[in-house]
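So the structure is just underneath, and the comments pick up after that.
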Amino acid sequence: MIVYLSMIDSPEDQSKFELLYTEYRDIMYHVAFKILQNEQDAEDAVHQAFLKIAEKIEIVDGTICSRTQGYVITIVENKAIDMYRYKQKHQTLELKEDDAGVVIEYDGPNILTKCMAKLPAKQRQVLLLKHYHGLSSKEVAKKMGLSESNVNKIDQRAKQKLRALCEKEGIL
């Protein structure tokens with residue numbers, strides 16, 4: 001809340017904003033979540049809405065009434081819809097470093113496999129797809145939902161990290 005209050009100059013407007021924040025944040029989250037169906041996105045929409053409210057606090061009626069409630073709900077709905085439309089146009093594939101990626105079966109004292117298993121999932125997956133399965137950078141990029149230049153950079157970093165791990169294990 002400190003971020004929002006720092007945007008507001010007068011103490012009267014700050015107290016008005018605090019009242020709006022405590023009164024409406026839960027219903028705003030509920031409205032945003034209903035549209036976005038994602039907790040983090042709903043929180044982002046509420047945050048963006050409160051930033052907008054803080055910018056326009058002087059036009060907001062300080063009382064808790066249906067008019068004020070309608071105003072804040074309209075703002076959060078618009079922010080949530082904007083986010084929803086953006087996500088529809090720009091589909092993304094979320095890759096997390098702790099995802100399993102390509103599974104490596106560790107069978108016995110193979111030090112190279114042990115080193116590969118220590119790589120982050122995305123790096124391991126790029127290495128295996130390119131160098132074990134023989135796919136081109138373009139094919140790997142398409143398969144993983146990345147750009148070709150991103151795949152090449154991940155490949156370069158993975159090789160560097162794998163070399164360091166192998167040197168540490170004494171096989172290079």
Side-chain angles (χ1 to χ4, degrees), residues 1-103 118-130 135 137-158 161:
M1 174 141 30
I2 294 171
V3 173
Y4 307 123
L5 294 177
S6 68
M7 296 173 61
I8 302 169
D9 295 329
S10 75
E12 298 85 27
D13 286 343
Q14 286 181 349
S15 63
K16 185 184 347 178
F17 184 86
E18 285 181 49
L19 179 66
L20 292 174
Y21 184 86
T22 56
E23 184 67 26
Y24 295 118
R25 75 171 173 235
D26 292 336
I27 194 166
M28 290 171 70
Y29 173 81
H30 177 72
V31 168
F33 184 80
K34 194 172 178 184
I35 294 168
L36 297 167
Q37 298 295 311
N38 181 296
E39 290 178 18
Q40 290 81 17
D41 290 343
E43 289 172 3
D44 288 345
V46 171
H47 171 70
Q48 293 297 322
F50 274 122
L51 288 174
K52 184 75 167 178
I53 292 168
E55 289 173 4
K56 305 285 185 183
I57 193 68
E58 65 276 350
I59 67 168
V60 177
D61 185 16
T63 60
I64 303 301
C65 63
S66 60
R67 182 175 173 200
T68 303
Q69 182 177 352
Y71 177 73
V72 297
I73 288 176
T74 300
I75 290 174
V76 78
E77 280 178 337
N78 289 339
K79 294 295 180 184
I81 290 169
D82 288 347
M83 288 176 69
Y84 179 80
R85 286 180 181 154
Y86 181 84
K87 285 190 174 264
Q88 292 301 309
K89 282 185 180 178
H90 303 92
Q91 291 289 333
T92 58
L93 176 63
E94 187 174 324
L95 293 174
K96 300 175 188 162
E97 287 299 319
D98 58 341
D99 284 346
V102 176
V103 178
K118 291 180 181 177
L119 290 174
K122 194 185 305 185
Q123 289 181 358
R124 182 174 59 242
Q125 190 167 10
V126 167
L127 279 180
L128 289 173
L129 289 172
K130 278 190 77 169
L135 298 178
S137 294
K138 191 174 190 174
E139 293 169 322
V140 173
K142 187 175 181 182
K143 189 175 216 55
M144 293 181 68
L146 302 169
S147 68
E148 190 174 348
S149 61
N150 194 359
V151 166
N152 289 330
K153 193 60 164 176
I154 292 169
D155 183 43
Q156 177 188 2
R157 290 179 179 157
K161 190 165 187 159

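Below, each value reflects all heavy atoms present in this structure, side chains not excepted, and no hydrogens, waters or symmetry copies. Each residue takes its place number in the sequence, starting with 1.
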When rounded to the nearest 0.5 angstrom, what distance separates [atom1] in [X] from [atom2] in [Y]?
X      : Y      : atom1 : atom2 : answer
Gln69  : Thr74  : CD    : OG1   : 10.0 Å
Lys118 : Lys161 : NZ    : NZ    : 10.5 Å
Ile75  : Lys56  : CD1   : NZ    : 9.5 Å
Phe17  : Ile8   : CZ    : CD1   : 5.5 Å
His30  : Ile35  : NE2   : CD1   : 10.0 Å
Glu139 : Glu148 : CD    : CD    : 10.0 Å

Which heavy atom of [X] sits nearest to which heavy atom of [Y], and what is that distance?
X      : Y      : value
Ala32  : Ala80  : CA-CB, 4.1 Å
Ile57  : Lys16  : O-NZ, 3.2 Å
Asp41  : Leu36  : O-CD1, 3.4 Å
Tyr29  : Ala42  : CE1-CB, 3.6 Å
Leu135 : Lys143 : CD1-CD, 4.1 Å
Leu146 : Asn150 : CD2-ND2, 3.8 Å

Next on the checklist: Check this for me: does any side-chain nitrogen of one of Asp82 and Lys79 sit under 4.0 Å from a carboxylate oxygen of the other?
Outcome noted: no
Say whether, by atom type as modelled, one donor and one acceptor occur between the side chain of [X] and the main chain of [Y] under 3.5 angstrom.
X      : Y      : value
Asp155 : Val151 : no
Thr68  : Ile64  : no
Glu58  : Asp13  : no

Next on the checklist: Test side chain to side chain contact (heavy atoms under 4.5 Å, CB included) on Met144 and Lys122; report intermediate values, then the result.
Outcome noted: CA-CA 9 Å; Met144 293 181 68; Lys122 194 185 305 185; 3.7 Å; yes
Next on the checklist: Would Gln156 and Lys153 count as a side chain to side chain donor-acceptor pair (under 3.5 Å) here? Give the steps.
Outcome noted: CA-CA 5 Å; Gln156 177 188 2; Lys153 193 60 164 176; 3.3 Å; yes
Next on the checklist: Let's go through Ile53 and Met28 carefully: what are the C-alpha distance in whole Å and the side-chain angles of both, what is the deciding distance for side chain to side chain contact (heavy atoms under 4.5 Å, CB included) to 0.1 Å, and is it a yes or a no?
Outcome noted: CA-CA 12 Å; Ile53 292 168; Met28 290 171 70; 4.1 Å; yes
Next on the checklist: Once you measure the plane-to-plane angle for Phe50 and Tyr21, does it fall in the parallel (<30°), tilted (30-60°) or perpendicular (>60°) bin?
Outcome noted: tilted
Next on the checklist: Determine whether Glu18 and Thr22 satisfy the following criterion, side chain to side chain contact (heavy atoms under 4.5 Å, CB included), listing intermediate values before the conclusion.
Outcome noted: CA-CA 6 Å; Glu18 285 181 49; Thr22 56; 5.7 Å; no
Checklist entry - Just wondering, more than 12 heavy atoms not from Tyr71 lying within 6.0 Å of its OH? => result yes
Checklist entry - Side chains of Val72 and Arg25: does their closest heavy-atom pair fall under 4.5 Å? => result no
